Trainee: 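Sharing a structure below in structure tokens format, with a few things to ask.
Treat the numbers as computed from the prediction; the structure is a model and nothing was measured. When reading the values below, keep in mind they use all heavy atoms of this one structure, side chains included, and skip hydrogens, waters and symmetry mates. Residue numbering restarts at 1 for every chain, and letters A, B, ... go by the order of the sequence lines.
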Protein chains: 2
Amino acid sequence: MAARSYNQYCGLARSLDTVGDRWSLLIARELLLGPMRYSELLAALDGIATNLLADRLRNLESAGVVERQVGETGGVVYALTPWGAQLRETIESFVRWSTPLMIRGRAGDASEPRWLAVALRALLHARTARWPAEVGIEVPGHFVTLRIDEDGPHVTVQPDQRPDTILTGEPEVVLGLAAGALTIDQALTVASVQGDRRVLTTVFAGGPA
Amino acid sequence: MAARSYNQYCGLARSLDTVGDRWSLLIARELLLGPMRYSELLAALDGIATNLLADRLRNLESAGVVERQVGETGGVVYALTPWGAQLRETIESFVRWSTPLMIRGRAGDASEPRWLAVALRALLHARTARWPAEVGIEVPGHFVTLRIDEDGPHVTVQPDQRPDTILTGEPEVVLGLAAGALTIDQALTVASVQGDRRVLTTVFAGGPA
DNA sequence: CCGCATCCTCATGGATACTG
DNA sequence: CAGTATCCATGAGGATGCGG
């Protein structure tokens, strides 16, 4: 143990001492959407070894980033502490920074609606989207609901019902639209809309916040 | 080589594929203050192995985060690309996140005025500091100048002259003040001021931006 | 000197099997 | 289900060498 440290009195270095290990920030990303069980994390983070997940959760818990709770069904769930939840700012800034990479995509990458939910919130949070508005996002194999109200954007991974307006396209196009890298007209040359097209303007056409 | 990837179509994962290796973000932190030579980076990042620095710079360059330039004295200097410079948002969010760790300090950590410069800018950037104002910050062994104008906070590591007002204290106190974790009155029980005390109010007493 | 490359040792990460 | 134990592969850290 005795995790390797940079030994620098610097906020970045101290942060990386805490959450800079491989997988740690991805665990935090998963928990941003709510508490999860060990087995759910193991399934969501494809490729992580079981001993590493256990080690990371131990370290994050002793650092005060994550806490073990008793879930609704009685089992142990892992949740972010209030301080851990503040990693949202950092995670969202990474998501925004990655825009030049993401709008190109990359063959072979796995894609999860959970990650799309985090990304849409991060990208739209920096903009003045108007509310209220609701649109369904359909990408190959997945469906999420994006709703904007006075509190900002909310993304639901498993909607109870599909909104009236639905945008269908490749993930790169949806993210390009949310990032402002594509105009709605540009996006609609490679994506399609069912329902009221004008909802897209409400959701995606806001300027920088 | 063939850098290890998470293989996830997620902005966080793609960002960490690019700058998630050990030392990479610390290299970016150093370059936020301006281009540096290889030997300067090696000296600033105490503990990094020479082969690792070379490897990281290669990777960051091929990723488009860093570029090699010809410096003023003719030698090669490393600089952030425009995209790389946008890592400032992420780095500053890490700095803000680390506040609970930093206001306690940690024995044995090295301390550099360059890191204090990054931190002060990150912490004050989220607040409505009034301008113009200028204050010297003296911590054991180091001195920096904090100036605020219409563009926001600027921190100079090697000032050409010392400002009229100088705050002297431990780094933890200065950061606690900048983070809003300490009031000016609280800070002054363990720090001292030469010159016009009211300047501190102008610089540090702004609310959230 | 500066800017690395090589070599060696050890810590960390990854895959799989196994257990309370 | 929620981890531990084990073993192998990879990456980090440190010393040294070497060409420009």
Trainee: For a quick test of reading the model: is some side-chain N or O of B:Ser39 closer than 4.0 Å to OP1 or OP2 of C:dG3?
Mentor: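 Yes.
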Trainee: Rounded to the nearest Å, what distance is computed from the CD1 atom of residue A:Ile27 to the P atom of nucleotide D:dG3?
Mentor: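 Value for this atom pair: 12 Å.
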Trainee: Testing the basics here: between B:Trp115 and B:Glu30, what is the closest heavy-atom pair and its distance to 0.1 Å?
Mentor: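 Result for this residue pair: NE1-OE2, 2.9 Å.
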Trainee: May I have the distance from B:Leu52 (atom CG) to D:dT10 (atom P), rounded to whole angstrom?
Mentor: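 Rounded to the whole Å, the gap is 17 Å.
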Trainee: In terms of the nearest nucleotide of DNA chain D, which residue is placed more toward the 5' end: A:Leu42 or A:Tyr6?
Mentor: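 Its nucleotide being nearer the 5' end, the pick is A:Leu42.
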Trainee: Pick base, sugar-phosphate or nothing for B:Ala49, based on heavy-atom distances below 4.0 Å to the nucleic acid.
Mentor: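 Contact class for B:Ala49: base.
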Trainee: For B:Arg162 and B:Gln194, does a side-chain donor sit closer than 3.5 Å to a side-chain acceptor?
Mentor: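 Distance-only check fails for B:Arg162 and B:Gln194.
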Trainee: Of all the nucleotides listed (C:dG13, C:dT6, D:dG3), which has the minimum atom distance to the side chain of B:Thr50?
Mentor: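 When the side chain of B:Thr50 is considered, C:dT6 is the closest of C:dG13, C:dT6, D:dG3.
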Trainee: Can you measure B:Asp21 atom CG to D:dT10 atom P for me and round it to whole angstrom units?
Mentor: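 Rounding to the nearest Å, CG of B:Asp21 and P of D:dT10 are 15 Å apart.
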Trainee: So, does A:Arg58 get its side chain near the phosphate of D:dG3, meaning an N or O under 4.0 Å from OP1 or OP2?
Mentor: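 Checking A:Arg58 against D:dG3: no side-chain N or O falls below 4.0 Å of OP1 or OP2.
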Trainee: Send over the distance from B:Ile48 CD1 to D:dA15 C1', rounded to a whole Å.
Mentor: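 So the two atoms are 16 Å apart, to the nearest Å.
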Trainee: For C:dG13 and B:Arg22 - does any side-chain N or O of the residue sit under 4.0 Å from the phosphate oxygens OP1/OP2?
Mentor: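 Answer is no, no contact under 4.0 Å.
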Trainee: Looking at A:Asp17 and B:Arg106, is any side-chain nitrogen of the basic one under 4.0 Å from a carboxylate oxygen of the acidic one?
Mentor: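 Judged by the 4.0 Å cut-off on N to carboxylate O distance, B:Arg106 and A:Asp17 do form a salt bridge.
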Trainee: Rounded to the nearest 0.5 Å, how far apart are CD1 of B:Ile184 and CG of B:Leu167?
Mentor: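 It comes to 9.5 Å.
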Trainee: Round to the nearest Å and state the distance from A:Leu53 atom CG to C:dG13 atom P.
Mentor: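 For the pair A:Leu53 CG and C:dG13 P, the rounded distance is 13 Å.
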Trainee: Indicate whether OP1 or OP2 belonging to C:dG13 is found under 4.0 Å from a side-chain N or O atom of B:Arg4.
Mentor: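 B:Arg4 to C:dG13 OP1/OP2: no side-chain N or O under 4.0 Å.
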Trainee: Side chain of A:Asn51 only, heavy atoms from C-beta on: which candidate in D:dG14, D:dG3, D:dT6 is closest?
Mentor: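 The answer is D:dT6, which lies nearest to the side chain.
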Trainee: Checking side-chain polar atoms at under 3.5 Å, does B:Ser93 have a donor or acceptor matched by the opposite partner on A:Thr90?
Mentor: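 Their side chains do contain a donor-acceptor pair, which is all the 3.5 Å distance test asks for.
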Trainee: In this structure, how many angstroms lie between the P atom of C:dT12 and the CH2 atom of B:Trp23, rounded?
Mentor: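 Atom-to-atom, B:Trp23 to C:dT12, this comes out as 14 Å.
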Trainee: Closer than 4.0 Å, any side-chain N/O of B:Tyr78 to the OP1 or OP2 of C:dC4?
Mentor: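 Result: yes.
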Trainee: To the nearest Å, how far apart are A:Glu61 CD and D:dG3 P?
Mentor: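 Taking CD of A:Glu61 and P of D:dG3, I get 10 Å after rounding.
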Trainee: Whole-Å distance between D:dG3 C1' and A:Met36 CE?
Mentor: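 In whole Å, D:dG3 C1' lies 16 Å from A:Met36 CE.
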Trainee: With a non-hydrogen cut-off below 4.0 angstrom, is B:Gly75 in contact with a base, only sugar-phosphate, or nothing?
Mentor: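 Here B:Gly75 touches no strand at all.
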